[in-house]
Amino acid sequence: MTRPKRILVVEDEPDLVRLLEFNLTQAGFEVRSVERASDALKAAQADPPDLVLLDLMLPDGSGTDVCRALKTAPATKSVPVIMVTAKGEEIDRVVGFEIGADDYVVKPFSVRELILRLKVILRRSETEEPTTREEVSFGCLRVDREAHRVYVSDREVALTALELRLLTTLIDRKNRVQSRETLLSDVWGLHMHVETRTVDTHIKRLREKLAEAGDYVQTVRGVGYRFAESPGEP
């Protein structure tokens with residue numbers, strides 16, 4: 001019998017915690033709740049959950065700091081994180097995605113929609129687990145999918161989980177133009193209420209991190225982006 005997926009809820013509003021615990025349990029999940037950033041890190045490190053629901057504003061720190069710590073620690077870097085917050089400005093969503101969050105839900109939210117998003121992300125994380133070691137080499141770029149590591153001219157480049165997913169999606173569809181809407185749907189996993197210029201922000205940061213390999217990610221004006229067909233392509 002398959003064990004239920006474990007969800008770590010990091011939230012300091014008691015009413016919301018009770019609502020989430022009830023509905024997630026009813027949906028078949030195993031739920032653990034903490035209200036402080038420090039407790040979230042301890043709980044996740046001691047027994048990594050399958051997914052973290054993370055409030056942005058916590059009594060003893062910021063959810064962004066918790067997310068950054070989770071995404072850089074070896075034991076939790078592959079654990080999906082959904083940020084749940086009252087902040088709804090696009091800049092807040094962009095910051096969340098840039099540090100590795102997998103989704104972003106703004107309060108007040110539909111619990112049914114939240115559970116749907118959660119299930120989609122869990123399914124996606126399962127299908128992304130490689131069964132064999134797979135490396136991709138392209139010019140000065142090397143991507144080790146299993147280890148979640150990227151190298152440019154043998155220098156390791158630190159990418160967030162979202163940036164890595166964006167890069168590998170483009171690589172897998174090499175020389176095929178991807179619209180911004182397609183990338184939002186396929187990389188983020190849902191048709192989200194996020195401006196398409198968010199994709200431009202992530203592409204810009206990805207190119208900056210990839211340095212000389214950034215030219216492999218090409219802009220197709222008025223359409224979207226594509227990964228070069230060959231390393232020497234202008």
Side-chain angles (χ1 to χ4, degrees), residues 1-59 63-64 66-71 73-88 93 96-97 99-131 145-146 148 160-162 164-165 168-169 184-194:
M1 183 177 178
T2 305
R3 70 164 177 81
K5 295 294 185 180
R6 295 172 299 171
I7 310 300
L8 175 62
V9 175
V10 186
E11 171 62 62
D12 65 331
E13 294 183 30
D15 291 342
L16 182 55
V17 170
R18 285 191 291 271
L19 178 67
L20 290 172
E21 287 179 339
F22 175 79
N23 284 277
L24 289 170
T25 300
Q26 289 293 106
F29 297 104
E30 181 181 309
V31 185
R32 179 179 180 184
S33 302
V34 297
E35 65 177 27
R36 303 177 68 84
S38 55
D39 293 334
L41 293 173
K42 290 176 184 176
Q45 291 289 341
D47 186 17
D50 293 297
L51 184 142
V52 177
L53 285 178
L54 177 62
D55 188 25
L56 190 62
M57 306 294 287
L58 298 168
T64 55
V66 174
C67 183
R68 187 179 291 108
L70 292 173
K71 291 297 183 177
T76 56
K77 66 181 182 181
S78 62
V79 175
V81 175
I82 297 180
M83 284 191 164
V84 182
T85 175
K87 289 191 173 182
R93 295 197 293 270
F97 289 134
I99 62 174
D102 295 81
D103 202 349
Y104 200 107
V105 179
V106 179
K107 300 175 184 175
F109 54 84
S110 161
V111 175
R112 288 185 63 186
E113 180 184 351
L114 175 64
I115 291 175
L116 173 63
R117 287 171 178 258
L118 185 150
K119 289 180 176 178
V120 168
I121 290 174
L122 285 172
R123 283 198 302 269
R124 186 178 67 201
S125 64
E126 287 176 351
T127 58
E128 286 177 349
E129 285 297 322
T131 56
R145 295 177 190 254
E146 183 182 31
H148 292 256
T160 66
L162 189 102
L164 179 60
R165 193 156 57 244
T168 55
T169 298
L184 275 176
S185 174
D186 294 351
V187 175
W188 275 257
L190 287 170
H191 294 282
M192 299 173 54
H193 300 295
V194 180

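The analysis underlying the following values was restricted to heavy atoms, covering all of them including side chains, and did not include hydrogens, waters or symmetry mates. Starting from 1, each residue takes its place in the sequence as its number.
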Legend entry - For Phe29, the option from Asp50, Leu122, Leu20 that meets side chain to side chain contact (heavy atoms under 4.5 Å, CB included): Leu122
Using 0.5 Å steps for rounding, measure from the [atom1] atom of [X] to the [atom2] atom of [Y].
X      : Y     : atom1 : atom2 : value
Leu54  : Thr64 : CG    : OG1   : 8.5 Å
Leu16  : Asp55 : CG    : CG    : 8.0 Å
Ile121 : Ile82 : CD1   : CD1   : 4.0 Å
Arg3   : Glu30 : CZ    : CD    : 7.5 Å
Thr76  : Leu70 : OG1   : CG    : 4.5 Å

Legend entry - Over all atoms of both residues, closest heavy-atom pair of Pro4 and Gly28: CB-O, 3.3 Å
Inset, instruction - With sequence neighbours excluded, give me every salt bridge (Lys or Arg N to Asp or Glu O under 4.0 Å) pair touching residues 8-24. - result: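 Applying salt bridge (Lys or Arg N to Asp or Glu O under 4.0 Å) to every pair that reaches into residues 8-24, excluding sequence neighbours, yields Glu11-Lys107, Glu13-Lys107, Asp15-Arg18.
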Legend entry - Flag if over 12 foreign heavy atoms under 6.0 Å of CZ, Phe22: no
Inset, instruction - Look only at the side chain of Lys71 and the backbone of Val79, and say whether a donor-acceptor pair between them is shorter than 3.5 Å. - result: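 Checked: pair present.
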Inset, instruction - Decide yes or no for Leu118 and Ile7: does some side-chain heavy atom of the first lie under 4.5 Å from some side-chain heavy atom of the second? - result: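 Yes; the side chains approach each other to less than 4.5 Å.
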Legend entry - Asp102 side chain near Leu51 side chain, heavy-atom distance below 4.5 Å: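 Heavy-atom side-chain distance check fails, nothing below 4.5 Å.
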Inset, instruction - Apply the test side-chain contact (heavy atoms from CB on, under 4.5 Å) to residues Leu24 and Leu53: give CA-CA distance (whole Å), side-chain angles for both, the deciding distance (0.1 Å), then the verdict. - result: CA-CA 11 Å; Leu24 289 170; Leu53 285 178; 3.9 Å; yes
Legend entry - With sequence neighbours excluded, residues passing side chain to side chain contact (heavy atoms under 4.5 Å, CB included) with Lys77: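 Checked Lys77 against side chain to side chain contact (heavy atoms under 4.5 Å, CB included); zero matches.
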Considering only distance and modelled atom types, tabulate donor-acceptor pairs under 3.5 Å from the side chains of residues 35-49, sequence neighbours left out.
residue	atom	partner	partner atom	Å
Ser38	OG	Asp60	OD2	3.0
Asp47	OD1	Arg6	NH1	2.8
Asp47	OD2	Arg6	NH1	3.0

Inset, instruction - Report the C-alpha separation of Val10 and Val66 in whole Å, then their side-chain angles, then the decisive distance to 0.1 Å, and conclude whether the side-chain contact (heavy atoms from CB on, under 4.5 Å) test is met. - result: CA-CA 10 Å; Val10 186; Val66 174; 5.7 Å; no
